[in-house]
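Nothing here was measured: the structure is a model prediction, and the numbers come from that model.
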Amino acid sequence: MVVLQATGDIRKVSLWLGHATLTTTEVYTRGDPTEKLDAMEAILPPHLRRGVFQPTDRLIELLRRTS
């Protein structure tokens with residue numbers, strides 16, 4: 001996607017990737033990164049999903065003692 005945005009020419013991207021046809025290259029350019037991330041998020045186990053880090057009281061106390 002970065003090469004396509006930089007050059008504006010899908011033929012250059014196709015040559016750079018070594019694809020035999022432009023159809024193969026077009027598959028990659030149609031992908032929306034946010035859709036890919038959402039799909040990956042849906043299959044991840046809950047303990048691996050993105051979220052907000054909540055440090056434990058023990059960790060906070062340890063950090064206060066070491067500073």
**Student:** Can you confirm whether Asp38 is buried at CG, in the sense that more than 12 heavy atoms of other residues, nucleotides or ligands lie under 6.0 Å from that atom?
**Tutor:** yes

**Student:** Under the side-chain contact (heavy atoms from CB on, under 4.5 Å) rule, collect the residues that match up with Leu59, sequence neighbours excluded.
**Tutor:**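 Leu59 satisfies side-chain contact (heavy atoms from CB on, under 4.5 Å) with Phe53, Pro55, Thr56, Leu63 once adjacent residues are dropped.
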
**Student:** Pair up each side-chain donor or acceptor in residues 9-18 with any protein partner under 3.5 Å, not counting sequence neighbours, and list the distances.
**Tutor:**
unit_1, atom_1, unit_2, atom_2, d
Asp9, OD1, Arg11, N, 3.0
Asp9, OD1, Arg11, NE, 3.1
Asp9, OD2, Arg11, NH2, 3.3
Ser14, OG, Thr25, OG1, 3.1

